[in-house]
> 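A single structure is presented below for examination.
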Protein chains: 2
Amino acid sequence: MTSGTSNTIEIDLFTALEDKGLRKTSARSAVLTRIESANDAFTAEQLCRDLPEVGRATVYRTIRHLVDAGALCKLPILDGAPMYSIARIEHHHHTICSKCGAIGEFRHSTVERVMRSLGKEIDGEIVGHRMEIFIICKRCLSGTNDGG
Amino acid sequence: MTSGTSNTIEIDLFTALEDKGLRKTSARSAVLTRIESANDAFTAEQLCRDLPEVGRATVYRTIRHLVDAGALCKLPILDGAPMYSIARIEHHHHTICSKCGAIGEFRHSTVERVMRSLGKEIDGEIVGHRMEIFIICKRCLSGTNDGG
DNA sequence: GATTTATTGATACTTGATATCAATTATGAT
DNA sequence: ATCATAATTGATATCAAGTATCAATAAATC
């Protein structure tokens with residue numbers, strides 16, 4: 001089952017669970033492998049659909065563990081279920097296409113600098129931030145994005 | 001019923017519905033008046049609780065109309081129901097207390113400047129953005145925030 | 001291999017939100 | 001003001017996302 005080849009991200013995910021003292025089970029392996037293979041952000045329900053052999057509760061639990069461990073980031077979606085993406089080491093932000101909902105990533109050092117200067121203005125202790133850029137993506141702009 | 005005094009925001013909300021060709025009913029008036037009196041962001045369920053005389057469906061429908069009309073902005077909350085705040089003319093962002101969930105507002109011109117410079121990096125047309133700062137608010141830091 | 005303990009997953013439930021539709025109410029015409 | 005018409009309401013049912021329960025099962029340790 002895990003006789004696979006790629007071992008860069010998978011180890012991260014497994015390690016994340018190990019570090020929490022969680023057992024390595026086949027159900028969890030299935031979920032992690034599925035997540036690993038994801039190129040884009042995904043919803044919990046998508047995983048459930050793709051992994052009918054794994055119980056819904058387990059899918060949700062595993063996702064929660066990973067978010068908890070910081071291995072996944074949970075992206076709130078305005079109308080609909082949250083999406084998840086693998087947390088890279090570098091802090092980053094997301095672009096969301098207002099037409100098709102496609103999620104992309106970007107990094108921008110100025111954003112981080114702004115955060116630091118905001119500390120003075122804001123009442124309370126800053127523990128994190130999130131920035132989302134709403135766009136119309138290239139595919140939607142060009143009209144190539146029909147049904148997929 | 002609308003023999004009130006304040007007419008700055010209320011009119012905006014009513015106008016928003018009028019402009020959509022919607023009738024002025026007492027149920028809607030109750031919802032708008034309640035929203036108008038809100039100093040902070042609120043959830044749909046909060047309105048329902050505060051307005052037991054108005055049906056849940058109507059509360060939700062009215063909120064949807066207002067968001068639709070651009071009079072309210074809908075704020076996705078990571079774990080929980082979205083919150084709504086009256087859309088001011090000025091663009092602003094939100095602080096969210098990670099402990100108690102309290103939502104505040106802030107404005108920062110640098111954020112807007114960053115947005116402009118991001119335009120070059122991002123594939124697609126930017127149509128909007130949202131920034132959220134996660135904080136531990138003063139009340140939670142000081143321990144004053146017990147149960148309220 | 002037996003024991004202990006975490007994990008699983010079918011099911012029931014919770015919550016936020018929407019669809020249905022008969023009863024009601026606002027608006028426009030008379 | 002009254003009537004007719006069409007929008008609105010709200011009790012209820014339903015839906016969707018997600019969580020709690022708990023007996024059965026599978027990992028890890030000995």
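Chain naming here is simple, since letters A, B, ... match the order of the sequence lines and numbering starts at 1 in each.
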> Is Y60(B) reachable from V31(B) through a run of hydrophobic residues whose side-chain heavy atoms are each under 4.5 Å from the next?
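Cluster IDs for V31(B) and Y60(B) differ.
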> Grab the CG-C1' distance between L32(B) and dT8(D) for me, whole Å please.
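Atom-to-atom, L32(B) to dT8(D), this comes out as 14 Å.
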> In residues 41-55 of chain A, which ones come under 4.0 Å of DNA chain C, going by heavy atoms?
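DNA chain C contact set from residues 41-55 of chain A: E53(A), V54(A), G55(A).
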> If you round to the nearest 0.5 Å, how far is CZ of R61(B) from OG1 of T58(B)?
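It is 4.5 Å, given to the nearest 0.5 Å.
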> Could you tell me which residues satisfy side chain to side chain contact (heavy atoms under 4.5 Å, CB included) with R28(A), sequence neighbours excluded, listed by chain and number?
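For R28(A), the residues satisfying side chain to side chain contact (heavy atoms under 4.5 Å, CB included) (neighbours in sequence not counted) are L17(A), L22(A), R23(A), T25(A), T62(A), H65(A).
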> When the distance from CD1 of I63(B) to C1' of dT18(C) is rounded to whole Å, what number comes out?
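The distance from CD1 of I63(B) to C1' of dT18(C) comes to 13 Å, rounded to the nearest Å.
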> Taking atom C1' of dA17(D) as reference, at what distance in whole Å does atom CG of D79(B) sit?
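Rounded to whole Å, this separation is 12 Å.
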> Is there any protein nitrogen or oxygen under 3.5 Å from a nitrogen or oxygen in nucleotides 19-27 of chain C, and what are the pairs?
unit_1: dA26(C); atom_1: N3; unit_2: R23(B); atom_2: NH1; d: 3.1
unit_1: dT27(C); atom_1: OP1; unit_2: K24(B); atom_2: N; d: 3.3

> Roughly how far, to the nearest 0.5 Å, is the CG atom of D50(B) from the CZ atom of R34(B)?
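Result: 4.5 Å between the selected atoms.
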> Given dA17(D), dG16(C), dG9(C), which nucleotide is nearest the side-chain atoms of Y60(B)?
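Nucleotide nearest to Y60(B)'s side chain: dG16(C).
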> Would you indicate, yes or no, if dA27(D) has its OP1 or OP2 atom less than 4.0 angstrom from a side-chain nitrogen or oxygen of R28(A)?
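Negative; the distance criterion is not met.
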> In whole angstroms, how far is the P atom of dA20(D) from the CZ atom of R56(A)?
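Spelled out: CZ on R56(A) to P on dA20(D) is 16 Å.
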> I need the CG-C1' distance between L17(A) and dA28(D), as an integer number of Å.
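For the pair L17(A) CG and dA28(D) C1', the rounded distance is 16 Å.
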> First locate atom CG of L32(B), then atom CG of L47(B), and finally report the distance between them rounded to the nearest 0.5 Å.
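One gets 10.0 Å once the value is rounded to the nearest 0.5 Å.
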> Please check if atom CZ in R56(A) has more than 12 non-hydrogen atoms from other residues, nucleotides or ligands closer than 6.0 Å.
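Check fails, neighbour count at 12 or below.
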> Is any side-chain heavy atom of L66(A) closer than 4.5 Å to a side-chain heavy atom of I35(A)?
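Yes, their side chains come closer than 4.5 Å.
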> Could you check if a side-chain atom of K74(A) sits within less than 4.5 angstrom of a side-chain atom of I63(A), using non-hydrogen atoms only?
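K74(A) vs I63(A): side chains apart.
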